[in-house]
Every structure is written in structure tokens, then in C-alpha cells.
Amino acid sequence: MRTFNEKVWEVARHIPYGKVTSYGRIAKLIGAPQAAREVGWAMAALGNQPHGDAVPWHRVVNGEGRISISNHDHGADEQRRLLMAEGVLFDGDNDLKISGFTAILWSPSPVEIQHLLDEGAE
DNA sequence: CCCGTGACGGGGG
DNA sequence: CCCCCCGCCACGG
């Protein structure tokens, strides 16, 4: 629990099934409110991580509740598929905007986050 | 060292 | 709904 990326992954690892959050919200949770873009970079770097599959990257979307990953390699479709499998609904069949986004937002208590970052639970 | 590039976000038009 | 601009910051050329 030290580097920026490790903090991002540790927090993201705890997003509950069926819930979602945004890059910006994670940035704020780890005390780097201006680093939303870097959170996205951290998610992209998961592929090269040993236990990267333990992090539910698909539950992280942009602040408007819209999938913002590029779809040139069907990444967006994959994220949409994974979310729908958890009961997350979208505005339309071919839409990347989650319907009822604010209602399924993950809102961890500050205490919980503090604990995660301090203890570095694994 | 400068510069382009984003899985971002907020503000305006 | 769309588009643009700007601040942000790590990475790669």
C-alpha cells in the first residue's frame, strides 16, 4: 500500500457487486482529487498485474455514469456485458450510459476507506 | 527537455 | 444533446 496505483487498486477492489463508482470519486477517496485521469491509467495497467483479475475494473465509469473506455478492441462492449450480468441497466440496447447511475453508486464510509489505506488489507 | 496523448472532470456556450 | 477549453499528471517518443 504505497504507490498511487496500489491505492487505486486497493479501493477499487472493494466496489460491491452490482455497484459502480467513477474515476474521479476514487481519486478523491485516495486523497488525490485532481488525479482522475491517473485512476483511468491505473485501471488500464491492471492487465500487467499478477492479481489484476481481483479488481472489478468494469465497475468504474466516468462521472456521468457512462462507459468511457475505447471500443476499438471491444473493451466497451465487454465492460457493458459484465455490468449487465450484475443487473446494471443501460439507457438503450446500444447505449453506454447507465440508467439510474446515482442509485447504484458505491458510497463507502470515510472510515472504511481510511482503514483500507492504513492497514492495506489484502 | 519539449510535446502529444489519454479508461477524467468541471464550466460554458 | 453537442462541442470546446482548461487544469491535471504519468508515460513514451
Side-chain angles (χ1 to χ4, degrees):
Chain A
M1 183 58 47
R2 181 152 307 181
T3 71
F4 179 88
N5 278 17
E6 289 173 330
K7 291 180 187 175
V8 172
W9 297 329
E10 177 59 21
V11 171
R13 195 166 72 78
H14 293 268
I15 306 172
Y17 179 98
K19 291 283 190 174
V20 295
T21 191
S22 70
Y23 303 96
R25 285 169 72 90
I26 290 181
K28 288 176 185 166
L29 290 177
I30 65 175
Q34 308 304 308
R37 303 186 77 151
E38 286 59 59
V39 172
W41 175 82
M43 288 296 119
L46 276 174
N48 317 312
Q49 282 303 108
H51 300 295
D53 57 331
V55 180
W57 61 273
H58 60 285
R59 298 179 190 145
V60 186
V61 296
N62 72 18
E64 302 178 329
R66 184 186 304 282
I67 290 175
S68 63
I69 177 178
S70 154
N71 197 44
H72 73 284
D73 57 351
H74 304 292
D77 290 337
E78 173 70 352
Q79 181 168 13
R80 188 169 179 284
R81 189 180 67 69
L82 290 169
L83 286 171
M84 288 189 75
E86 301 187 358
V88 176
L89 303 175
F90 286 80
D91 282 357
D93 287 352
N94 268 333
D95 208 319
L96 296 181
K97 170 73 176 59
I98 293 174
S99 57
F101 175 56
T102 58
I104 61 172
L105 261 180
W106 177 45
S107 300
S109 71
V111 186
E112 175 183 353
I113 296 303
Q114 195 61 260
H115 192 268
L116 290 181
L117 299 179
D118 288 347
E119 311 295 326
E122 174 54 30

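Computed from a predicted structure; not experimentally measured. Residue numbering restarts at 1 for every chain, and letters A, B, ... go by the order of the sequence lines.
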| Salt-bridge present (A:E86, A:K19; N to O < 4.0 Å) | no
| remark: Looking only at B:dA7, C:dC11, C:dC8, the nucleotide nearest the A:W41 side chain is C:dC11
| remark: Closest of B:dA7, B:dG9, C:dC9 to the A:I69 side chain is B:dA7
| message | For A:A42, is there any backbone N or O sitting under 3.5 Å from a side-chain donor or acceptor partner on A:W9? | response | yes
| Integer-rounded Å distance: B:dC8 P and A:L29 CG | 17 Å
| query | Atom CG of A:N48 to atom P of C:dC11: distance rounded to whole Å? | reply | 12 Å
| task | Could you let me know what B:dC3 is paired to, Watson-Crick or G-U wobble, both distances under 3.5 Å, or none if it's on its own? | result | C:dG12
| request: Could you tell me the separation between the CD1 atom of A:I26 and the C1' atom of C:dC9, rounded to a whole number of Å? | output: 17 Å
| said: So, OP1 or OP2 of B:dA7: does either fall under 4.0 Å of a side-chain N or O from A:S70? | reply: no
| Within the modelled atom types, does a donor on one side and an acceptor on the other bring the side chain of A:R37 and the base of C:dG7 under 3.5 Å apart? | yes
| query | Of the candidate nucleotides B:dC8, B:dG10, C:dC11, which contains the atom at the shortest distance from the side chain of A:K28? | reply | B:dG10
| A:E10 bridged to A:R13 by N-O distance under 4.0 Å | yes
| field | Minimum-distance nucleotide (side-chain atoms of A:E38 versus C:dC1, C:dC9, B:dG9) | value | C:dC9
| message | What is the distance, to the nearest angstrom, from the CG atom on A:N5 to the P atom on B:dA7? | response | 16 Å
| message | Would the distance check show the side chain of A:R80 and the main-chain N or O of A:D95 forming a donor-acceptor pair, the cut-off being under 3.5 Å? | response | yes
| said: Checking contacts here: which listed nucleotide (B:dA7, C:dC1, C:dA10) is nearest the side-chain heavy atoms of A:R66? | reply: C:dC1
| query | Between B:dA7 atom C1' and A:F4 atom CZ, what is the distance in whole Å? | reply | 13 Å
| Should A:S22 be listed as having a side-chain N or O under 4.0 Å from OP1 or OP2 of B:dG9? | yes
| task | Using a heavy-atom cut-off of under 4.0 Å over every strand shown, decide if A:A35 touches base, sugar-phosphate, or nothing. | result | nothing
| query | Within this structure, what is the CD-to-P distance between A:E64 and C:dC3, rounded to whole angstrom? | reply | 13 Å
Pair up each side-chain donor or acceptor in residues 63-74 of chain A with any protein partner under 3.5 Å, not counting sequence neighbours, and list the distances.
residue: A:S70; atom: OG; partner: A:H72; partner atom: N; Å: 3.1
residue: A:S70; atom: OG; partner: A:H72; partner atom: ND1; Å: 2.7
residue: A:N71; atom: OD1; partner: A:G75; partner atom: N; Å: 3.4
residue: A:N71; atom: OD1; partner: A:A76; partner atom: N; Å: 3.1
residue: A:N71; atom: OD1; partner: A:D77; partner atom: N; Å: 3.1
residue: A:N71; atom: ND2; partner: A:D77; partner atom: OD2; Å: 3.3
residue: A:D73; atom: OD1; partner: A:G75; partner atom: N; Å: 3.3

| Between B:dA7 (C1') and A:I98 (CD1): distance, integer Å | 13 Å
| message | From the set B:dA7, B:dG9, C:dA10, return the single nucleotide nearest to any side-chain atom of A:N62. | response | B:dG9
| request: Nearest whole angstrom, please: distance from the C1' of B:dG9 to the CZ of A:F101. | output: 12 Å
